Amino acid sequence: MPFIETKTTVPLTEEKICALKNAYGKDIEIIPGKTEKWLMLNFTGDCKMAFRGDDTKPTAMIDVSILGKATRDTYDKLTNKLCNDVSEILGVSPDRIYIKYSEHSVWGYDGINF
C-alpha cells in the first residue's frame, strides 16, 4: 500500500509523468514486500516553491507513505534512486529535492482496513 506524491516547480508533460510512473514502479520494490501492483501516485507540477530562499531553480518534494515499516538502509537506497530518477527525468538537482517518509500501521482500501 505505498503512495508517492511528487510536487515540483517543473511543468509536467505526459511524457515526464509516464517516465516517473515507470521509474517509481520499479523503485518501490526496494522496500521489501512493496510492488507497483499496489502503488498509487500523485503528480503536481508548476508548483510555487522556494528552497534556501531561491525560487528560480527547479525544486521537488517527494512524499512516500507506506503501510508498515522499512529499515534505514532501505530508505537510504530508495532516496538515492528517487533523487537520481527525478534529476534525470525532470532536471531537478538532487540537492534541491526533499524526500519525506511516513509509516502507517493502518491503511484503508475498498471498505476495509489493513
Side-chain angles (χ1 to χ4, degrees):
M1 301 285 175
F3 174 67
I4 302 175
E5 181 173 25
T6 303
K7 295 180 181 179
T8 181
T9 58
V10 176
L12 295 177
T13 63
E14 287 302 316
E15 180 181 359
K16 289 178 182 177
I17 290 171
C18 186
L20 287 171
K21 286 191 307 189
N22 290 334
Y24 289 177
K26 293 179 183 91
D27 296 348
I28 200 62
E29 293 180 2
I30 291 171
I31 300 175
K34 305 303 179 195
T35 67
E36 185 177 30
K37 179 180 177 182
W38 292 99
L39 179 60
M40 183 180 283
L41 304 170
N42 183 48
F43 300 99
T44 307
D46 287 318
C47 292
K48 303 296 181 200
M49 301 171 77
F51 184 58
R52 297 183 180 139
D54 184 355
D55 62 359
T56 65
K57 297 177 187 167
T59 302
M61 175 68 195
I62 303 168
D63 191 347
V64 179
S65 297
I66 65 166
L67 174 64
K69 297 187 178 290
T71 65
R72 176 65 184 250
D73 183 56
T74 297
Y75 287 137
D76 288 345
K77 290 175 185 173
L78 185 54
T79 294
N80 182 269
K81 190 69 174 100
L82 291 171
C83 282
N84 287 337
D85 290 338
V86 170
S87 180
E88 181 179 313
I89 295 166
L90 301 182
V92 179
S93 175
D95 68 350
R96 294 193 58 87
I97 300 170
Y98 270 170
I99 301 175
K100 179 180 79 168
Y101 294 97
S102 302
E103 299 176 330
H104 302 276
S105 60
V106 178
W107 200 288
Y109 164 75
D110 196 21
I112 61 169
N113 291 313
F114 292 94

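All values reported here derive from a predicted model rather than from experimental measurement.
- From Leu39, atom CG reaches atom CZ of Phe3 across 9.5 Å, with rounding to the nearest 0.5 Å.
- The closest side-chain heavy-atom distance from Tyr109 to Met40 is not below 4.5 Å.
- For the atom pair Asp63 CG and Tyr98 OH, the distance stands at 14.0 Å (nearest 0.5 Å).
- Looking at every heavy atom in both residues, Lys57 comes nearest to Thr59 through O-OG1, 3.0 Å.
- Note: Lys7 NZ to Phe43 CZ = 13.5 Å, rounded to the nearest 0.5 Å.
- Ile17 is connected to Val64 through a chain of hydrophobic side-chain contacts under 4.5 Å among Ile, Leu, Val, Met, Phe, Trp and Tyr, so both are in one cluster.
- Each of Pro58, Ser93, Pro94 was evaluated against Ser87; a single residue qualifies, Pro94, per the side-chain contact (heavy atoms from CB on, under 4.5 Å) test.
- There is no side-chain donor-acceptor pair under 3.5 Å between Asp76 and Asn80.
- The hydrophobic clustering, which links ILVMFWY residues whose side-chain heavy atoms are closer than 4.5 Å, places Leu20 and Ile31 together.
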Which pairs would a plain distance check flag for residues 21-29, meaning a side-chain donor or acceptor within less than 3.5 Å of a matching protein atom at least two apart in sequence or in another chain?
residue : atom : partner : partner atom : Å
Asn22   : ND2  : Cys18   : O            : 3.3
Tyr24   : OH   : Thr6    : OG1          : 2.9

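- Hydrophobic cluster membership differs between Ile99 and Met61, with clusters built from Ile, Leu, Val, Met, Phe, Trp and Tyr side chains linked at under 4.5 angstrom.
- Within the model, atoms OG1 of Thr9 and NZ of Lys48 stand 9.0 Å from one another, a figure rounded to the nearest 0.5 Å.
- In this structure, the separation between CD1 on Ile66 and CD on Glu103 is 5.0 Å, given to the nearest 0.5 Å.
- Side chain of Thr13 to backbone of Pro11: no donor-acceptor contact under 3.5 angstrom is found.
- Hydrophobic clustering of Ile, Leu, Val, Met, Phe, Trp and Tyr side chains at less than 4.5 Å, counting indirect connections, unites Leu41 with Val92.
- Put simply, OG1 on Thr8 and CD1 on Ile89 are 11.5 Å apart, with the number rounded to the nearest 0.5 Å.
- Contact annotation: the side chain of Leu90 approaches that of Lys16 to within less than 4.5 Å [non-hydrogen atoms, C-beta and beyond].
- Leu12 and Ile4 fall within the same hydrophobic cluster, where Ile, Leu, Val, Met, Phe, Trp and Tyr residues are linked whenever their side-chain heavy atoms come under 4.5 Å apart, directly or through other members.
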_Step-by-step side-chain hydrogen bond (donor to acceptor under 3.5 Å, both in side chains) determination, Thr71 to Asp73_ = CA-CA 5 Å; Thr71 65; Asp73 183 56; 5.1 Å; no
